> 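The following block contains the structure, expressed as structure tokens.
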Amino acid sequence: MPELPEVETVRLGLAPVLEGHTLTRVEQRRADLRRPFPDDFVQALQGQKVERLARRAKYLLIHLATGRVLIVHLGMSGSFRVHTNGEAPPPGKHDHVVFETAAGATLFYHDPRRFGSMDLADGDALEDHPLIRVIGPEPLNPAFDGAALAARLADRKTTIKAALMDQGTVAGLGNIYVCEALFRAGLSPKRKAYTVQGDRAARLVAAIKDVLAEAIRSGGSSLRDHKQVSGEMGYFQHAFAVYGREGEPCPDCTCDGGIRRLVQQGRSTFYCATRQR
DNA sequence: ACGAGAACCTGTTTGC
DNA sequence: TGCAAACAGGTTCTCG
């Protein structure tokens with residue numbers, strides 16, 4: 001489920017359950033996800049108080065009162081589910097981590113494909129962590145403007161689609177929101193990245209900020225499984241202009257073919273060849 | 001150094 | 001109906 005708006009939705013859902021609460025029990029139910037858990041995973045978390053939840057790109061950051069930080073990535077299929085009032089069912093096959101709080105909440109981390117990961121860092125060295133260090137600017141930060149994006153694209157010979165999928169260019173976009181932002185900005189996914197300068201870059205930044213903010217307000221996008229930690233669906237998927245809409249009419253013009261699909265870097269791209277140049 | 005493709009997994013949908 | 005192939009919200013390693 002997870003691009004920036006989905007991870008932000010998870011953060012907002014988990015914050016009231018975790019912030020200020022103590023983890024009375026942490027159960028690690030397998031040795032690895034995409035990578036091994038840190039050796040001291042349970043020891044670093046169990047019995048500790050959560051201070052606050054943050055997010056960087058698609059990483060959920062759980063800051064502990066000890067100063068350590070749990071870094072969680074949801075991969076392609078990771079999700080959290082919260083049960084309160086002692087109503088948690090037994091963990092299922094793909095519930096790889098169980099957290100219990102002193103207030104009686106139970107959290108399952110569920111991830112069938114196991115592309116997710118969990119790691120620990122020291123809070124004061126978080127920006128130096130290998131996973132965090134390589135990430136580009138946060139798109140919703142006011143400092144991220146057309147000039148900032150243009151500068152990062154100026155020497156990129158790949159396509160604008162590939163450049164935006166690269167977390168080092170700008171943080172948190174994935175296949176859905178790249179397709180949607182390029183549609184809103186009227187830019188072809190096949191355009192060379194270095195040609196996105198000046199007004200084109202400004203339009204693209206505005207489109208990125210708008211689509212992400214709208215998606216967060218909608219509780220993210222729920223494609224196949226549920227996403228909000230309560231089990232409720234997000235509903236931004238109903239607002240997609242192009243993603244997953246191959247063959248449907250373009251919502252913004254009367255072109256013949258409607259929405260087309262092509263494959264770039266092994267991923268589906270959806271776009272309108274008339275509106276996006 | 002950069003960019004494209006493969007690999008990592010499981011589950012679901014599509015096509016013959 | 002049944003089986004195989006294709007496809008899925010991501011990242012990271014390898015190869016050219």
Side-chain angles (χ1 to χ4, degrees), chain A residues 1-11 29-37 55-60 71-80 92-96 109-119 129-136 139 152-182 189-194 208 211-212 214-216 218-229 233-240 242-247 261-270:
Chain A
M1 11 158 293
E3 297 180 41
L4 187 155
E6 289 72 40
V7 179
E8 185 63 16
T9 298
V10 169
R11 186 184 75 79
R29 296 171 52 76
R30 54 174 296 128
D32 56 71
L33 294 171
R34 190 172 195 285
R35 5 175 43 102
F37 284 87
R55 179 192 56 72
R56 178 80 171 96
K58 301 171 190 171
Y59 291 101
L60 178 66
I71 304 174
V72 179
H73 198 291
L74 303 176
M76 289 280 257
S77 61
S79 63
F80 279 93
K93 179 180 175 186
H94 299 301
D95 293 327
H96 304 309
Y109 175 73
H110 182 263
D111 189 358
R113 293 179 74 180
R114 306 202 302 275
F115 286 173
S117 65
M118 295 198 192
D119 200 3
H129 188 281
L131 294 173
I132 305 296
R133 197 173 45 207
V134 296
I135 296 171
R152 289 178 165 268
L153 295 176
D155 61 348
R156 301 294 300 274
K157 296 177 177 50
T158 188
T159 62
I160 187 63
K161 166 85 189 295
L164 293 180
M165 292 289 284
D166 179 351
Q167 300 300 293
T169 305
V170 54
L173 300 179
N175 206 31
I176 291 176
Y177 296 103
V178 167
C179 290
E180 294 296 318
L182 287 172
K190 295 188 278 191
R191 173 182 281 276
K192 296 287 188 185
Y194 59 76
I208 289 168
V211 73
L212 293 178
E214 286 174 34
I216 291 169
S218 300
S221 304
S222 297
L223 263 47
R224 39 186 49 72
D225 35 38
H226 293 257
K227 190 197 52 338
Q228 304 197 28
V229 300
M233 303 277 281
Y235 47 94
F236 192 73
Q237 66 276 12
H238 303 301
F240 292 167
V242 290
Y243 185 84
R245 297 194 182 282
E246 182 181 16
R261 185 179 85 98
L262 79 142
V263 176
Q264 295 178 288
Q265 276 84 37
R267 314 291 300 277
S268 290
T269 300
F270 299 91

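Keep in mind the model is a prediction, meaning the values are calculated, not measured.
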> Between A:Arg133 (CZ) and C:dT11 (P), how many Å, whole number?
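Distance, rounded to whole Å: 17 Å.
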> Can you see if the side chain of A:Arg156 gets near the phosphate of B:dC2 - specifically, an N or O under 4.0 Å from OP1 or OP2?
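Answer no for this pair, as no side-chain N or O of A:Arg156 is under 4.0 Å from OP1 or OP2.
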> Can you find a side chain N or O atom of A:Ser268 that sits less than 4.0 Å from OP1 or OP2 on C:dA8?
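So the side chain of A:Ser268 is within the cut-off, an N or O lying under 4.0 Å from OP1 or OP2 of C:dA8.
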> Could you state the atom-to-atom distance from CE of A:Met76 to P of B:dA7 in whole Å?
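One finds 16 Å between P of B:dA7 and CE of A:Met76, rounded.
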> What contact category does A:Gly266 fall into here, base, sugar-phosphate, or nothing, at under 4.0 angstrom with non-hydrogen atoms?
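Contact class for A:Gly266: none.
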> Would you classify A:Thr159 as touching base, sugar-phosphate or nothing, given that sugar-phosphate means primed atoms plus P, OP1 and OP2, and contacts are heavy atoms under 4.0 Å?
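Touches nothing.
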> Does B:dA1 have its OP1 or OP2 closer than 4.0 Å to a side-chain nitrogen or oxygen of A:Lys157?
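For A:Lys157, the contact criterion (side-chain N or O under 4.0 Å from OP1 or OP2 of B:dA1) is not met.
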> Establish, with yes or no, whether the OP1 or OP2 oxygen of B:dA4 is under 4.0 angstrom from a side-chain nitrogen or oxygen of A:Gln265.
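So the side-chain polar atoms of A:Gln265 do come within 4.0 Å of the phosphate oxygens OP1 or OP2 of B:dA4, strictly under.
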> Scan A:Leu131 against the nucleic acid and name what it touches under 4.0 Å (heavy atoms): base, sugar-phosphate only, or nothing.
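Contact class for A:Leu131: sugar-phosphate only.
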> Check whether A:Arg56 reaches the backbone of A:Ile135 with its side chain - one donor and one acceptor, N or O, closer than 3.5 Å.
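Such a contact is found between A:Arg56 side chain and A:Ile135 backbone.
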> Does A:Asp166 come within less than 4.0 Å of A:Arg156, counting only side-chain N to carboxylate O?
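Salt bridge between A:Asp166 and A:Arg156, a charged N being under 4.0 Å from a carboxylate O: yes.
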> For A:Arg245, enumerate each residue passing the salt bridge (charged side-chain N to carboxylate O under 4.0 Å, His left out) test, keeping only those at least two apart in sequence or located in another chain.
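For A:Arg245, the residues satisfying salt bridge (charged side-chain N to carboxylate O under 4.0 Å, His left out) (neighbours in sequence not counted) are A:Glu248.
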> Is any side-chain N or O of A:Lys58 closer than 4.0 Å to OP1 or OP2 of C:dG10?
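Yes, within the criterion.
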> Mind calculating the distance between OH (A:Tyr59) and P (C:dG10) to the nearest angstrom?
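It is 12 Å, rounded to the nearest whole Å.
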> Does the side chain of A:His94 get closer than 4.0 angstrom to OP1 or OP2 of B:dC9 through an N or O atom?
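Checking B:dC9 against A:His94, no side-chain N or O comes under 4.0 Å of OP1 or OP2.
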> When you compare B:dA6 with C:dA6, how far apart are their P atoms, in angstrom units rounded to a whole number?
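So the two P atoms sit 13 Å from each other.
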> Looking at A:Arg113 and A:Asp111, does any basic side-chain N land under 4.0 Å from a carboxylate oxygen?
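Answer for the salt bridge query: no.
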> Between A:His73 and C:dT11, is there a contact of a side-chain N or O with OP1 or OP2 at under 4.0 Å?
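For C:dT11, OP1 or OP2 has a side-chain N or O of A:His73 closer than 4.0 Å.
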> Return no unless some side-chain N or O of A:Arg261 is found under 4.0 Å from OP1 or OP2 of C:dC7.
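Yes, such a contact exists.
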> Check whether A:Glu3 reaches the backbone of A:Gly174 with its side chain - one donor and one acceptor, N or O, closer than 3.5 Å.
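Judged by distance alone, yes, a pair lies under 3.5 Å.
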> According to a strict under-4.0 Å criterion, is A:Gln167 in side-chain N/O contact with OP1 or OP2 of C:dG10?
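Checking C:dG10 against A:Gln167, no side-chain N or O comes under 4.0 Å of OP1 or OP2.
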> Nearest to the side chain of A:Phe115, heavy atoms from C-beta on, is which of C:dA8, B:dG3, C:dG10?
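Output: C:dG10.
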> For the pair made of CG in A:Leu223 and C1' in B:dT13, what is the distance, rounded to whole Å?
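So the CG-C1' distance, A:Leu223 to B:dT13, works out to 13 Å.
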> Starting from P on C:dA6, measure out to CD on A:Glu246 and report it in whole angstrom.
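Taking CD of A:Glu246 and P of C:dA6, I get 16 Å after rounding.
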> Looking only at side-chain N and O atoms, does A:Arg267 come under 4.0 Å of OP1 or OP2 in C:dG10?
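A:Arg267 to C:dG10 OP1/OP2: side-chain N or O found under 4.0 Å.
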> Quickly work out the A:Arg113 CZ to C:dA6 C1' distance and round it to whole Å.
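Distance, rounded to whole Å: 12 Å.
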> Hunt down the Watson-Crick or G-U wobble partner of C:dC15, both distances under 3.5 Å, from any strand shown, or write none.
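Pair assignment: C:dC15 / B:dG3.
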> Going by the angle between their ring planes, with limits at 30° and 60°, are A:Tyr109 and A:His96 parallel, tilted or perpendicular?
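A:Tyr109 vs A:His96 ring planes: tilted.
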> Looking only at N and O atoms, is any donor in the side chain of A:Arg114 or the base of B:dC9 less than 3.5 Å from an acceptor on the other one?
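For A:Arg114, whose side chain was compared with the base of B:dC9, there is no donor-acceptor pair (under 3.5 Å).
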> Using a cut-off of less than 4.0 Å, is there contact between a side-chain N or O of A:Ser77 and OP1 or OP2 of B:dG11?
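Result: no.
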> Over how many whole Å does the gap from A:Asn175 atom CG to C:dC7 atom P extend?
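Atom-to-atom, A:Asn175 to C:dC7, this comes out as 13 Å.
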> What is the distance, to the nearest angstrom, from the CG atom on A:Leu33 to the P atom on C:dT12?
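The distance from CG of A:Leu33 to P of C:dT12 comes to 14 Å, rounded to the nearest Å.
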